[in-house]
Amino acid sequence: MSTRTLRGIGASPGISIGPAHHYMGHKLIISRRENANPQVEKERLEAALLQGKQEIHELALQAQGSVGAREAEIFEAHEMFLSDPDLLEHVHEMIEQQINADYSWQEATKQYAAQMRAIEDPYLSARATDLEDVAQRILRILQGEQEQKPHITEPVILIAPDLTPSETVTFDSQKIRAFCIAEGGPTSHVAILAKALGIPAVTGLGQAIDQLREGAQVIVDGTAGEIFLDPDTATLTDYEQRAQTLARTNKDAFASAQQPARTADDHLIEVGANVGAPEQVEEALRQGADSIGLLRTEFLFLERDSAPSEQEQYTIYRDIFQAMQQRPVVIRTFDIGGDKPAPYLEMAKEMNPFLGIRGARLALKHPPLFQSQLCALLRAGEGHRLRIMFPMVSTREEIKALQEQVKQAQATLEARKASYAREVEIGIMIEVPSAALMSDVLAPLVDFFSIGTNDLTQYVLASDRTNATVAYLADALHPAVLRLIRMVSDAAHAHGKWVGLCGELAGNPLATPVLLGLGLDEFSMTPGTIPLVKQRLRHYSTTQARDIALHALDLHDANEVHAYLASL
Ligand code: PEP
Ligand code: MG
C-alpha cells in the first residue's frame with residue numbers, strides 16, 4: 001500500500017505515530033412528551049442544572065491541573081450557560097406548556113446555538129459548540145445516565161468529527177498520541193487545549209477523516225498540518241527519526257533555555273514570550289523568556305459585561321511587572337474588534353469585521369476606555385521597563401492621534417499627582433500592509449516595530465485567518481510576506497529603531513534562520529517554543545542567516561520557501 005497524504009491545519013505542533021481510532025462521542029436525542037407536570041419537570045431541571053454545575057466545576061479543577069488555569073476558564077463559560085436567564089426562560093415557557101423538561105432543554109439550547117452560528121462569527125461559533133457541550137451534559141443527567149469516560153486502553157491517534165472541550169480534557173492524555181479533527185481552525189478550543197496538553201493536532205480535515213480506517217497506521221505532523229496514512233517504510237523510518245530527534249532536541253533546548261540567545265557570531269537576540277493571561281507569565285519565565293514581547297490585554301476586556309476599571313487593570317499589570325522584574329514588557333493596548341467583540345461597547349455589525357473598527361481604530365473611537373488603560377499602564381510600569389504597543393495601525397495620522405492619547409494620560413496623572421513611568425518606549429505592530437509599505441515614514445515616529453505576521457499574512461494574501469478553507473493560502477513564509485518583513489526591518493534600522501516579530505511565525509523553528517537573516521532584533525512567541533528557537537538562533541551566524549534570507553526572498557512561492565528551509 002502506498003503512503004497517502006492528507007492536509008489540514010497544523011493546530012498543535014509535534015510528530016506522532018500510531019493506530020487510528022475513531023471517536024464518535026455519544027449524542028442523546030430526546031423525544032417530545034406531552035402532558036408532563038410542569039412543577040415536577042421544573043424540579044427535575046433544577047436538580048439537573050445543579051448537578052451539571054458541580055460536574056463542570058470538578059472538570060474545571062481537573063483541567064486546571066492538566067492543561068492550565070487559562071484553558072480551564074473555558075469551563076467557567078460553560079457554567080454561565082446554566083444560569084443564562086434568557087435561555088432558562090425559554091425552557092420554562094415550554095415546560096409550562098406541559099412538555100417534558102428534557103425535550104424543552106434540548107430544543108431551547110438547539111435554537112440558542114443555531115442563533116449563535118447564524119452570525120457566522122468564529123468566536124460565537126466556538127461558543128455554540130460550548131453550549132452544545134453543556135446541553136448534552138444536562139440531558140444525560142436528566143436521563144439518569146452516568147458520565148461515560150472515553151475508554152481507550154492503548155495509545156492511539158484520535159480521529160473525530162469535532163471534540164467538545166469536555167471531551168478533549170477527559171481523555172487520558174497518556175493514551176492520546178495526536179488529534180485529527182474534521183472541524184475547527186487553528187484557534188478552536190481543541191487546538192488551544194491540545195497545545196496546552198502538548199499533544200500534536202491537525203484540524204480542519206473535513207471529510208478526509210473518513211479515509212483514516214480504524215486501526216490503520218498514521219503519522220501526524222502537527223507542525224506542518226499533514227497526515228500520512230499507511231506510510232511506506234521509508235516515510236515511516238524518516239518520521240520515527242524526526243520524532244526521536246525532536247524529543248532529544250527539545251530536551252537539550254530546554255536545558256539551555258535560561259541562557260541568552262547569542263548567534264554564532266555573538267549577536268544578542270532578545271527572545272520574548274507572547275502572553276495572553278497573567279497566569280502564563282510564570283511559564284514564560286520557566287521556558288527562558290528574556291522579556292514579554294506581546295502581552296495581549298484583551299483577556300481583561302472580553303467575555304464580561306462591563307469594562308474593567310483603571311484600578312482593576314493597574315493591579316493586574318503591576319503583578320506582571322513584578323514577576324518580570326527588570327525584564328522588558330511589551331504591553332499591547334486592547335485589540336478588540338475583528339473576531340474579538342466586547343459586549344459592552346457599542347459596535348455596529350460589520351460585513352467585514354477584520355477590515356473594520358479594530359485595534360487602534362477602536363481605541364481612538366472610545367477615548368475614556370483607552371485612557372483608563374493608558375493610565376493603568378503608565379502607573380503600573382513605574383520602575384520597570386514598559387513598552388506600550390498599538391495594534392492594527394495603518395496610517396501616520398493614527399500614530400499621531402495615539403501619541404496624543406498617551407500625552408493626555410500623562411497629563412491626567414500629573415494633575416492627579418500620581419507617580420508613573422516617565423521612560424516608556426512607544427511602538428506599533430506592523431500588521432497592515434500600508435504600515436509595512438510606509439515603514440520608512442513611520443519609523444521616525446516610534447521607538448520600535450513588532451511585526452504581526454498573523455494579521456499581516458491574512459491581509460497580504462487576502463485570506464481570512466479564521467477561515468479553514470483558505471488556510472492553505474495564509475502562509476507567513478510566502479515570499480510576499482518575507483519581502484515586507486525585509487522592508488520593515490531595513491526601515492527600522494535606517495532610523496536607529498529596533499524591530500521584532502510577534503506573529504506565530506516567530507515560534508516556528510523552520511523560520512528562525514530566515515527571520516534572523518532579515519535582521520530582526522527580537523522574536524516573541526508562545527512560551528513553549530522559546531527553548532527551541534533560542535537554540536536555533538545560537539546555531540547560525542548573522543552572515544549565514546543573511547545568505548539564507550536572500551535566497552528565500554528570491555523564491556517564487558511559499559512551497560519553495562518551505563522546501564528550501566527544510567533542506568538546510
Ligand atoms: C499578529 O497579528 O501577528 C499578532 C501577533 O496579533 P494577534 O494574533 O493577537 O492578532
Ligand atoms: Mg494581530
Side-chain angles (χ1 to χ4, degrees), residues 9-11 70 121-123 126 185-188 191-192 195 271-277 280 284 289 291-303 329-342 352-363 387-394 398 427-436 439 448-467 471 474-478 480-482 484-485 488-489 499-508 511 515 518 520 522-527 529-530 533:
I9 300 168
R70 171 76 180 150
D121 173 291
Y123 168 79
T187 55
S188 61
I192 294 169
K195 256 193 214 162
V271 180
N274 290 356
V275 170
Q280 292 167 355
S291 58
I292 290 179
L294 170 64
L295 177 77
R296 291 183 166 102
T297 57
E298 293 84 73
F299 70 90
L300 270 161
F301 295 86
L302 303 177
E303 304 220 9
V329 180
V330 176
I331 304 200
R332 181 176 76 181
T333 58
F334 53 77
D335 188 12
I336 306 173
D339 60 339
K340 298 180 275 198
N352 290 303
F354 274 117
L355 303 180
I357 301 298
R358 215 201 130 179
R361 302 173 186 181
L362 186 127
R387 295 170 170 172
I388 297 181
M389 176 161 78
F390 302 115
M392 268 300 281
V393 171
S394 15
E398 276 169 354
I428 58 167
M429 290 201 67
I430 301 282
E431 46 187 354
V432 178
S434 62
S439 49
F448 67 92
F449 288 145
S450 183
I451 305 173
T453 40
N454 306 342
D455 277 310
L456 188 60
T457 308
Q458 81 160 341
Y459 294 129
V460 168
L461 286 141
S463 150
D464 180 345
R465 63 190 271 188
T466 62
N467 181 346
D475 192 327
L477 280 173
H478 194 288
V481 181
L482 298 182
L484 286 179
I485 298 176
V488 175
S489 169
V499 56
L501 192 147
C502 61
E504 290 299 308
L505 186 65
N508 179 351
L515 296 179
L518 290 171
L520 297 182
E522 183 245 23
F523 290 55
S524 188
M525 62 202 68
T526 313
T529 53
I530 292 175
V533 172

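Ligands are counted one by one from 1 in listed order, and the atoms in each one are counted from 1 as well. Worth knowing before you read on, the calculation uses all heavy atoms, side chains too, and leaves out hydrogens, waters and symmetry mates. In this chain, residues are counted from 1 in sequence order.
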Colleague: Can you tell me if Ser450 uses its side chain to pair, donor with acceptor, with the backbone of Met429 under 3.5 Å?
Modeller: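 Checked: no pair found.
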
Colleague: Using side-chain heavy atoms (C-beta onward) and a distance below 4.5 Å, is Asp475 in contact with Thr457?
Modeller: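 No, side chains not in contact.
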
Colleague: Measuring from non-hydrogen atoms of Arg358 to any atom of ligand 1, is the shortest distance under 4.0 Å?
Modeller: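 So Arg358 counts as touching ligand 1.
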
Colleague: When you compare ligand 1 with Glu298, is there at least one nitrogen or oxygen pair between them that comes in under 3.5 angstrom?
Modeller: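 N/O-N/O distance under 3.5 Å: no.
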
Colleague: Got the closest protein heavy atom to atom 9 (O) of ligand 1, with its distance?
Modeller: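 It is Arg296 NE, 2.7 Å.
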
Colleague: Any idea which of Met389, Arg465, Glu431 brings a heavy atom closest to atom 10 (O) of ligand 1?
Modeller: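 The residue whose heavy atom sits nearest atom 10 (O) of ligand 1 is Arg465.
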
Colleague: Where the Mg ion (ligand 2) is the corner point, what angle links OE1 of Glu431 with OD2 of Asp455, to 10°?
Modeller: 90°

Colleague: Between Thr453 and Val481, is any pair of side-chain heavy atoms under 4.5 Å apart?
Modeller: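 A side-chain contact under 4.5 Å exists here.
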
Colleague: For atom 6 (O) of ligand 1, what is the nearest protein heavy atom, given as residue, atom name and distance?
Modeller: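 Going atom by atom, the protein heavy atom closest to atom 6 (O) of ligand 1 ends up being Arg332 NH1, 2.9 Å.
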
Colleague: Could you tell me which atoms of ligand 1, counted from 1 in the order shown, lie closer than 4.0 angstrom to a heavy atom of Leu294?
Modeller: 5 (C)

Colleague: With heavy atoms under 4.0 Å as the rule, classify the contact between Glu504 and ligand 1 as side chain, backbone, both or neither.
Modeller: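 No part of Glu504 comes within reach of ligand 1.
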
Colleague: Yes or no on side chain to side chain donor-acceptor pair (under 3.5 Å) for Asn274 and Thr526, after CA distance, side-chain angles and deciding distance?
Modeller: CA-CA 5 Å; Asn274 290 356; Thr526 313; 5.3 Å; no

Colleague: If the cut-off is 4.0 Å to any non-hydrogen atom of Cys502, which atoms of ligand 1 fall inside it?
Modeller: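 Every atom of ligand 1 under 4.0 Å from some heavy atom of Cys502: 5 (C).
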
Colleague: Would you call Leu456 and Val432 a side-chain contact if the rule is heavy atoms closer than 4.5 Å?
Modeller: no

Colleague: Between the side chain of Glu431 and the main-chain N/O of Met392, is any donor-acceptor distance below 3.5 Å?
Modeller: yes

Colleague: Quick one: do Arg358 and Asp455 make a salt bridge, cutoff under 4.0 Å?
Modeller: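 A salt bridge links Arg358 with Asp455.
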
